[in-house]
Amino acid sequence: MPELPEVETIARGVDARVRGDQIVEAWFSGFKQPFKTSPKVQARGLEGSWILGVRRVGKHIVCALGSTYGGSKRNHGSGGAEDEPDREWIVHLGMTGRLLVTTPDAELAAHTHARLRLKSGREIRFVDPRRFGRLELREIRSGSGFEAAGQEPLTIGAEEFALMFRGRRLAIKAALLNQTLLSGVGNIYADESLFRAGIRPRRQAGRLTKAHLERLRRELVVVLEQAIRLGGSSVSDYVDAEGVRGFFQLEHCVYQRTGQPCLRCGTPIRKVIVGGRSSHYCPQCQN
DNA sequence: CATTTCACCTGGTGGC
DNA sequence: TGCCACCAGGTGAAAT
């Protein structure tokens, strides 16, 4: 479901609602997926912890947890500096995951896999019908917390971006989707940025000119930032932390517009499979 | 090693 | 209406 703009929107919303709150009790469903860390271990690490902040890393939502907050101590905490996170709860939404902040009496959605009851009386809920999402608890060792495997699309420089694709024979679309290269780009924003840059999805990544790659990087940043401003794309049932839909789907130029006229030249949009994913492009505007 | 394919899941849609 | 094939915003393991 969610790519960088949707995850960013959700992380911001959750952060605004739960920063400084304390987790009183954690409940988990009994499925094997989506638990990367066993529910028992997660509950042990979560209960009693304070939420120091929530941020996005790639397509992950990272909740920084601490044993202390403003002088208070966790029940069975283990020292450490004041308000320094000692563990992180990492949420990946997969295709259909949702992370919501609700009141305890809010109707329980089908496929709810986690409920974190907070001291304020609110609740964090993770809902995921397809169970492609992942919930993980990590202890923070030696300072630095969770880091994405690849580069952040919003901050990577022109040089580094171009260098990343050098010598690669795979299609540029597949390269954009590879999270160990860039973290955060998914099918919608790969298609939209390629359209705006005038590049066909099947073009070999390593054969694009530096100028083309720089145009692609800039358009990717533009499209991601615009999508964040509009609260992401609500293609199926995506909603933010408050249950509100995004509006960027209204701005899609090619994604899921197969057969419809290109908004720039009127040529019907085509769909092909690249890297196992549906890829939409304009045969006139993209070469 | 780089690249491609497939399995992991449920639900919605459109054809018959 | 019912059944079924097909599709979906992702990713990691297995195969090539």
Side-chain angles (χ1 to χ4, degrees), chain A residues 1-11 29-37 56-61 90-99 109-113 126-136 146 148-150 153 163-195 201-207 220 223-224 226-228 230-240 244-259 271-280:
Chain A
M1 160 214 286
E3 307 180 31
L4 188 153
E6 292 76 34
V7 178
E8 178 71 32
T9 301
I10 293 165
S29 71
F31 292 93
K32 191 183 287 180
Q33 287 184 30
F35 303 106
K36 203 164 172 179
T37 308
R56 176 195 64 79
V57 178
K59 292 178 192 170
H60 300 265
I61 299 165
I90 299 156
V91 178
H92 193 288
L93 300 170
M95 292 275 268
T96 54
R98 292 157 58 187
L99 195 66
H111 309 290
T112 298
H113 297 290
F126 177 73
V127 181
D128 185 8
R130 286 177 78 178
R131 279 181 267 139
F132 285 174
R134 291 292 179 269
L135 298 180
E136 181 183 6
F146 181 85
L163 216 58
M164 203 166 52
F165 300 108
R166 198 152 74 172
R168 298 199 175 268
R169 310 172 70 90
L170 80 170
I172 185 63
K173 168 71 184 278
L176 286 172
L177 294 178
N178 184 336
Q179 301 296 300
T180 64
L181 296 177
L182 278 179
S183 294
V185 181
N187 211 28
I188 295 175
Y189 300 101
D191 279 5
E192 293 298 318
S193 61
L194 285 169
F195 169 76
R202 283 219 176 101
R203 291 283 297 279
Q204 258 186 39
R207 291 201 172 167
L220 183 58
V223 84
L224 290 174
Q226 192 191 349
I228 291 170
L230 293 177
S233 302
S234 287
V235 171
S236 65
D237 61 351
Y238 159 79
V239 290
D240 72 7
V244 176
R245 293 167 60 84
F247 291 98
F248 188 73
Q249 67 277 12
L250 303 174
E251 309 288 322
H252 292 175
C253 293
V254 287
Y255 180 74
Q256 284 190 350
R257 294 196 62 247
T258 310
K271 178 166 100 166
V272 293
I273 303 297
V274 184
R277 313 294 302 279
S278 295
S279 302
H280 314 76

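Letters A, B, ... mirror the listed sequences (proteins, then strands); counts begin at 1. Hydrogens, waters and symmetry mates are skipped; everything else that's a heavy atom, side chains included, is used.
Nucleotides C/dC3 and B/dC9 place their P atoms 25 Å apart, quoted to the nearest Å.
Listed by chain and number, the residues in a side-chain contact (heavy atoms from CB on, under 4.5 Å) with A/Arg203 are A/Ile172, A/Ile199, A/Arg200, A/Leu208 (sequence neighbours excluded). Here A/Glu8 pairs with A/Arg12, A/Arg56 under the salt bridge (Lys or Arg N to Asp or Glu O under 4.0 Å) rule; sequence neighbours left out. For the ring pair (Phe, Tyr, Trp, His ring centres under 6.0 Å) test, residues two or more places apart in sequence or in another chain that qualify with A/His92 are A/His60. Residues satisfying the salt bridge (Lys or Arg N to Asp or Glu O under 4.0 Å) criterion with A/Lys36, sequence neighbours excluded, are A/Glu136. Scanning for ring pair (Phe, Tyr, Trp, His ring centres under 6.0 Å) contacts around A/Phe195 gives an empty result, with sequence neighbours left out. A/Phe165 pairs by the ring pair (Phe, Tyr, Trp, His ring centres under 6.0 Å) definition with A/Phe161, not counting sequence neighbours.
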- Contact pattern, 5' to 3', of nucleotides 7-13 of chain B - B, S or - by protein heavy atom under 4.0 Å: -BBBS--
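Between A/Leu177 atom CG and B/dT3 atom C1' the separation is 14 Å, expressed in whole Å. In this structure, A/Arg169 atom CZ and B/dC1 atom C1' are separated by 13 Å, rounded to whole Å. The CZ-C1' distance, from A/Phe35 to C/dT11, rounds to 18 Å in whole Å. Whole-Å rounding puts the A/Lys59 NZ to C/dT11 C1' distance at 8 Å. We find that NE2 of A/His60 is positioned 7 Å from P of C/dT11, with the value rounded to whole Å. Going from atom CD of A/Gln204 over to atom C1' of B/dT4 covers 14 Å, rounded to whole Å. Regarding A/Leu181, its CG atom lies at a distance of 15 Å from the P atom of C/dG10, rounded to whole Å. Following rounding to the nearest Å, A/Asn178 (CG) and C/dT11 (P) show an atom-to-atom distance of 10 Å.
Note on ring orientation: taking the six-membered ring where Trp is involved, the planes of A/His113 and A/Phe126 are tilted (angle from 30° to 60°).
Within the structure, salt bridge (Lys or Arg N to Asp or Glu O under 4.0 Å) contacts touching residues 170-185 of chain A (residues at least two apart or in different chains) are A/Lys173-A/Asp191.
A/Tyr255 comes within 4.0 angstrom of sugar-phosphate atoms only, judged by non-hydrogen atoms across all strands, and of no base. Among the heavy atoms of the strands, none lies under 4.0 Å from A/Gly276.
Under 4.0 angstrom from either OP1 or OP2 of B/dT3 there lies at least one side-chain N or O belonging to A/Arg168.
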- Does the side-chain contact (heavy atoms from CB on, under 4.5 Å) test come out yes or no for A/Asp128 and A/Leu93, once each step is laid out? CA-CA 8 Å; A/Asp128 185 8; A/Leu93 300 170; over 6 Å; no
- Note on the structure: DNA chain B in dot-bracket form (Watson-Crick or G-U pairs under 3.5 Å, [ ] crossing, | inter-strand) is .|||||||.|||||||
